[in-house]
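What follows is a short report on a single structure.
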Amino acid sequence: MLFRSVSYVGSGCVDSDKDGVCDAEDQAPCDPDATTIVYGPAKDVLGQLMTEDKWPDGLDIDFNDNVLAWNTATQLNGAGEATKIRFTFYVLAAGGTLDTGSAIQLPIPRTAVRSIERSVAGGPSQSMSLRNTDANATFVVSNNIREFFNNQGGPINSIQGQNFFDPVQVVVDVTLNVPTALDNTLAPWDVFTHRSNDVGHQIHQPGYGGTAEINSSLFGTLNDGSVLGTRHFVDLQGIPHVLNVPQLIAWPDRKSTRLNSSH
């Protein structure tokens, strides 16, 4: 786990919140559950997830069907355990014709989660629920990302010359009731896409095999080249259906390799 070095009490320093870390080194000197914050990919830096939505069918390799910019801020206590995680997303494009949602599975027991709250475009917080089928904390951020584009149908922000919709910020706060060790180098962890009308039809990054609700019968069908337990959601040539890059990039136009210049 990566976190900055801190000075612990014992040398006569002031520790207002009695968490074992000197105020001078404590980023939250009045909060006993927080001493430092770890960011992914980095502070004030956005990564980007780009998903092809037709798995297990073939790829059209435009990676614009569900495009999210992301940043994570993980609050750690004096023992280096996570006590709160803030996800900041910007919904950039819904470039396909299918309706898809976005969800997260964290490598944290669901029993360790106290609350999940979502705020859209700086609006009021909304409580969110965990899925009751997984041992690890799993929850839907949006059942259909078109909600952030006035529920417009068809390709959004993926065709040159069409109206461009401004990205929408979505902030999700996960507060833990049990401090938990978490590998922040793997942020944003398992953020995945699912069909709006079928949460079992999921698409994950290659290192993740799906949640308890996934329709596992889709593996090995059509153009799927997954090797279960090793590498998932890839085609027969090994190309993944999700790309995760540690910075903002231009995503391709629909069904072409030309980069989108609108963003």
Side-chain angles (χ1 to χ4, degrees), residues 40 47-68 70 72 82 85 87 89 91 93-113 116 118 128-146 170 172 174 180 182-245:
Q48 190 165 301
L49 286 161
M50 302 181 291
T51 301
E52 275 296 314
D53 63 7
K54 291 184 178 179
W55 179 86
D57 205 349
L59 288 161
D60 53 21
I61 319 182
D62 53 20
F63 291 100
N64 59 29
D65 297 326
N66 188 315
V67 184
L68 302 176
W70 63 270
T72 60
I85 308 164
F87 292 87
F89 296 107
V91 186
T97 57
L98 297 173
D99 291 343
T100 63
S102 292
I104 302 173
Q105 182 169 84
L106 291 170
I108 292 174
R110 68 189 311 274
T111 54
V113 175
I116 306 171
R118 185 188 84 161
M128 305 175 67
S129 299
L130 290 166
R131 307 293 290 185
N132 60 14
T133 51
D134 288 274
N136 282 351
T138 306
F139 57 95
V140 173
V141 175
S142 171
N143 191 58
N144 188 342
I145 63 170
R146 294 183 186 278
V170 181
V172 178
V174 181
T180 304
L182 186 63
D183 187 349
N184 285 280
T185 65
L186 299 179
W189 303 285
D190 188 9
V191 177
F192 64 94
T193 295
H194 64 85
R195 298 280 176 91
S196 296
N197 62 357
D198 182 5
V199 73
H201 196 142
Q202 303 173 1
I203 304 175
H204 299 248
Q205 299 170 70
Y208 299 98
T211 75
E213 293 181 276
I214 192 170
N215 181 358
S216 59
S217 68
L218 294 172
F219 286 116
T221 64
L222 297 174
N223 200 42
D224 177 54
S226 298
V227 179
L228 299 186
T230 303
R231 185 171 169 81
H232 313 86
F233 305 99
V234 298
D235 70 5
L236 292 172
Q237 288 71 49
I239 300 174
H241 282 250
V242 183
L243 298 179
N244 182 19
V245 293

Any heavy-atom pair between the side chains of [Y] and [X] that's under 4.5 Å?
X: Asp53; Y: His241; result: no
X: Leu49; Y: Pro188; result: yes
X: Thr211; Y: Thr133; result: no
X: His201; Y: Asn215; result: no
X: Trp70; Y: Val191; result: no
X: Phe89; Y: Thr72; result: no
X: Ile108; Y: Val174; result: no
X: Phe87; Y: Leu106; result: yes

- Phe139 and Val113: CA distance, side-chain angles, deciding distance, side-chain contact (heavy atoms from CB on, under 4.5 Å) verdict: CA-CA 11 Å; Phe139 57 95; Val113 175; over 6 Å; no
Anything under 3.5 Å between a donor and an acceptor, one on a side chain of residues 93-102, the other on a protein residue two or more places apart or in another chain? List them.
residue : atom : partner : partner atom : Å
Asp99   : OD1  : Arg146  : NE           : 2.7
Thr100  : OG1  : Asn66   : ND2          : 3.2
Ser102  : OG   : Asn66   : ND2          : 3.4

- Message: Going by side-chain hydrogen bond (donor to acceptor under 3.5 Å, both in side chains), name the pairs with one or both residues in residues 218-228, residues two or more places apart or in two chains.
- Response: Trp55-Asp224, Asp224-Ser226
- Message: Rounded at 0.5 Å granularity, tell me how far CD in Gln205 sits from OG1 in Thr193.
- Response: 9.5 Å
- Task: Starting at CG of Asp65, measure out to CD1 of Ile203 and round the result to the nearest 0.5 Å.
- Result: 8.0 Å
Looking at [Y], is its backbone amide N or carbonyl O close enough to the side chain of [X] to form a donor-acceptor pair, meaning the two atoms are under 3.5 Å apart?
X: Gln202; Y: Gly209; result: no
X: Glu52; Y: Asp62; result: yes
X: Arg118; Y: Val141; result: yes
X: Ser216; Y: Ile214; result: no
X: Thr180; Y: Ala82; result: no

- Which heavy atom in Gln237 sits nearest to a heavy atom in Asp235, and how many Å separate them? N-OD1, 2.9 Å
- Message: To check you understand the geometry: which heavy-atom pair defines the closest contact between Ala103 and His194, and what is its length?
- Response: CB-CD2, 4.1 Å
- Item | Val67/Thr51 under side-chain contact (heavy atoms from CB on, under 4.5 Å): CA gap, chis, key distance, verdict | CA-CA 6 Å; Val67 184; Thr51 301; over 6 Å; no
- The single option from Thr138, Ile116, Asn136 that satisfies side-chain contact (heavy atoms from CB on, under 4.5 Å) with Leu130 is Ile116
- Item | Under the salt bridge (Lys or Arg N to Asp or Glu O under 4.0 Å) test, residues paired with Arg110 that sit two or more places apart | none
- Message: Per the salt bridge (charged side-chain N to carboxylate O under 4.0 Å, His left out) rule, what does the pair list look like for residues 208-219, sequence neighbours excluded?
- Response: Arg131-Glu213
- Query: What pairs with Phe63 under ring pair (Phe, Tyr, Trp, His ring centres under 6.0 Å), at least two apart in sequence or on another chain?
  - Reply: none
- Which residues pass the ring pair (Phe, Tyr, Trp, His ring centres under 6.0 Å) test with His204, sequence neighbours left out? Phe192, Phe233
